[in-house]
Number of protein chains: 2
Amino acid sequence: MADVADRAGVSRALVSIVFRNQPGASRETRERVLRVADEIGYRPDSAARLLARGRSRTLGVMFTVHQTFHTDLIEGIYPEAERLGYDVLLSAAAQGRSEEKAVEALLGHRCEALILLGPDAEPAYLDGLGQRAVTVSVSRRVPRARVDFVHSAEGKGVRQATDYLVELGHRRIVHIDGGAGPGSAERRRSYRAAMRRHGLEPEIRVIPGEHTEQSGIEAGRLLLAERDRGLPLPTAVLAGNDRCAMGVLMAMTRGGVEVPRDLSVVGFDDSHLSHLMPIGLTTVRQDAGLMAECAVRFAVERLENPELEPREAVLDPKLVVRGTSGPPPAGDGPSAR
Amino acid sequence: MADVADRAGVSRALVSIVFRNQPGASRETRERVLRVADEIGYRPDSAARLLARGRSRTLGVMFTVHQTFHTDLIEGIYPEAERLGYDVLLSAAAQGRSEEKAVEALLGHRCEALILLGPDAEPAYLDGLGQRAVTVSVSRRVPRARVDFVHSAEGKGVRQATDYLVELGHRRIVHIDGGAGPGSAERRRSYRAAMRRHGLEPEIRVIPGEHTEQSGIEAGRLLLAERDRGLPLPTAVLAGNDRCAMGVLMAMTRGGVEVPRDLSVVGFDDSHLSHLMPIGLTTVRQDAGLMAECAVRFAVERLENPELEPREAVLDPKLVVRGTSGPPPAGDGPSAR
DNA sequence: TACTCGCACTAGAGCGCGCTAGTAGAGCGC
DNA sequence: GCGCTCTACTAGCGCGCTCTAGTGCGAGTA
């Protein structure tokens, strides 16, 4: 920076003004400074800048690698953050890199706000974060913690999906849940409620799972093993999310079960993959772009107005019918209803 | 930091020593400092730290959101970087966020090295980066640029795949290429060479595409339209990568073509999704973990030994046969050979 | 002329650390 | 007693920037 100042024949302060696009420099000086900077390849140092101004204007985003829905969210976060004049720092949780580690990294870089995509950590820990920095949780409700919350009306989505299946004539509808995953509790609850409402209480069955393909595969294998012992297959599976649905699809197809002829499969998320499968996945769509936008806005608004209380945004999900669902096989059809 | 020092009754310098895990502090002091820090929630400021020590010890990773193979790579980058004592900063390119922008962000944060996953930018631009910072390109060869290069022997992989298909009896093997995508040129070349070697020169056909599902869908539709006009379908498709293969699979299945009975489909990458599809994808496996490790090592070694010249690592890919490939339909079989 | 005002610009402190050079004191041999 | 070394610790500068409080100057006003 000093080099630029010398070469342009001005003070460092002026260079700073130019680079911050602030008033207080003439048009020609501005151009001269920028030209010189370009010549010697100068670029302001974010670290020093951040240190000096005391504010980082940076949003830290924690996501889980391989969660395809998260990448959909990230894509939406960038433009909104840029629009509001904030920088974005990404930190991934992965096999061998815990969420805590990922968050520590963000905090170490002095992110002013944390946007956690489907965090899996203890509520107490998240509340601790919420006390120290503006924190937004996407998809995962954190009771009694000082964090904003952006999610879909999971219950509504599951209800729509269940109603749709029942209307097609399904009765043996199994739910593979997402274990302790974000949104799972509510999805589970709504499934049960919807089944009860349709007088299908005896058919209620929740297979414990999680939000991964592997989990779907295991649930599928379990069902196939039961079939081989003479038990009837369900006619429809409501998976915890799209990834899980893909796993079910794979296990079932391998096991000789044809979808949707023998079995309907419904996912949740509508991650960008679900309409790119050989036969599009019927799923409950969450609007990733809108969720991302909300999360960023919540974070920024609370940063710029500290007395604001954490808020909650509930977005309406929507059932998207594609190729993996249809009427139940004959014999399991409406007659049995 | 000053607070911690005061409360622990030591100097700031000592606190610094403790947090850097350096010799020069007694066991008890160390514990006391850490305890106090924990109490008041102190955490070293990366920005200040970076500024003070002049080195950031940070690797910047640019990736493309939605490229599933990139997330596989990221998962491998973190542990290796940590092992070598480096921090990792992620920056995503996406719809509306160009690679340049993503890279600028990394540079602004004073990353010492850039690891670019399948960069799509001009060689001249990349060379420019290479002059300014240690730069490693993964998957994309950048001729005459000062960057390290980590990739698979794409040619070998494609050759294996082609040989395998020909051995099964396929003759009409179409290649959907990856356009200007990383590795595409070599994959295309190898496909041509392999076909020629098998005396199938007249059957060579490259459909222009890119590394996305959409591109696979379009190529699939093109082939279906040809079929509807009475032209024969190919019996096998060699896709530019897994995502493209998925698109082909989807379009074909929708068009009533059964895989692998009527058509074999082979992908490239073996991203974590390919073995999670309903019928596992036959594909050419690139070892993401190893590639990530290599990339990090190249970057770090050149940082710590500046006179080192950029290097190239070529890893052996391996054909993985799963469910989407098989012998050609009768009538297109070995008899025609 | 004397003054105010606004614009273009500058001096210099300070952000939170790391690091170099140094000190204080304990332990040891002679 | 002296010098020596070793460990545990400290003082204070400087990293590259932002920001506050200025200075200098030409134009406009009384």
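Quick note on labels: first sequence line is chain A, next is B, and so on, each numbered from 1. Heavy-atom basis, side chains included; hydrogens, waters and symmetry copies ignored.
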Looking at B/Ser271 and B/Asp269, would you say the former's side chain and the latter's main chain have a donor-acceptor pair under 3.5 Å? no

State whether B/Arg53 places a side-chain N or O below 4.0 Å from either non-bridging phosphate oxygen (OP1 or OP2) of C/dG16. no

May I have the distance from B/Asn21 (atom CG) to C/dC19 (atom P), rounded to whole angstrom? 13 Å

Closer than 4.0 Å, any side-chain N/O of A/Thr29 to the OP1 or OP2 of C/dA8? no

Rounded to whole Å, how long is the line connecting atom CZ of B/Arg49 with atom C1' of C/dC17? 8 Å

DNA chain D: 5'-proximal contact among A/Ala13 and B/Leu14 (nearest heavy atom): B/Leu14

Ring centre gap for A/Phe149 and A/Phe298 strictly below 6.0 Å: no

Paired with D/dT29: which nucleotide, if any, by Watson-Crick or G-U wobble criteria at under 3.5 Å for both distances? C/dA2

How would you label the contact of A/Ala25 with the nucleic acid (heavy atoms, under 4.0 Å): base, sugar-phosphate, or nothing? sugar-phosphate

Taking any heavy-atom pair under 4.0 Å as a contact, classify B/Pro23: base, sugar-phosphate, or nothing. nothing

Which is it for A/Glu307 and A/Asn305 under the side chain to side chain contact (heavy atoms under 4.5 Å, CB included) test, yes or no, and what are the steps along the way? CA-CA 6 Å; A/Glu307 54 257 37; A/Asn305 187 356; 3.5 Å; yes

B/Asp45 CG to C/dC15 P: how many Å, rounded? 12 Å

Candidate nucleotides C/dA11, C/dC17, D/dC17, ranked by approach to the side chain of B/Ala48 - the nearest: C/dC17

Decide yes or no on side chain to side chain donor-acceptor pair (under 3.5 Å) for A/Asp45 and B/His109, but give the supporting numbers first. CA-CA 7 Å; A/Asp45 180 333; B/His109 284 285; over 6 Å; no

Within this structure, what is the CD1-to-P distance between B/Ile17 and D/dT7, rounded to whole angstrom? 13 Å

Rounded distance in Å - CG (A/Leu50) to P (D/dC19): 12 Å

Can you find a side chain N or O atom of B/Arg20 that sits less than 4.0 Å from OP1 or OP2 on C/dC19? yes

Whole angstrom value for the distance that separates C1' of D/dG14 from CE of A/Met1: 16 Å

Would you say the side-chain atoms of B/Ser56 pair up with the backbone N or O of B/Arg110, donor to acceptor, closer than 3.5 Å? yes

Looking at C/dC7, I'd like to know if its phosphate oxygens (OP1 or OP2) sit under 4.0 Å from a side-chain N or O belonging to A/Ser26. no

Along DNA chain D (nearest heavy atom to each residue), the more 5'-positioned of B/Arg30 and B/Gly54: B/Arg30

Are OP1 or OP2 of C/dG18 and a side-chain N or O of B/Ser16 less than 4.0 angstrom apart? yes

Just how far, in rounded Å, is C1' of D/dC9 from CZ of B/Arg27? 18 Å

Could you check which nucleotide pairs with C/dG29 in any of the strands shown, counting Watson-Crick or G-U wobble with both distances under 3.5 Å? D/dC2

Between C1' of C/dC19 and CD of B/Gln22, the distance in whole Å: 9 Å

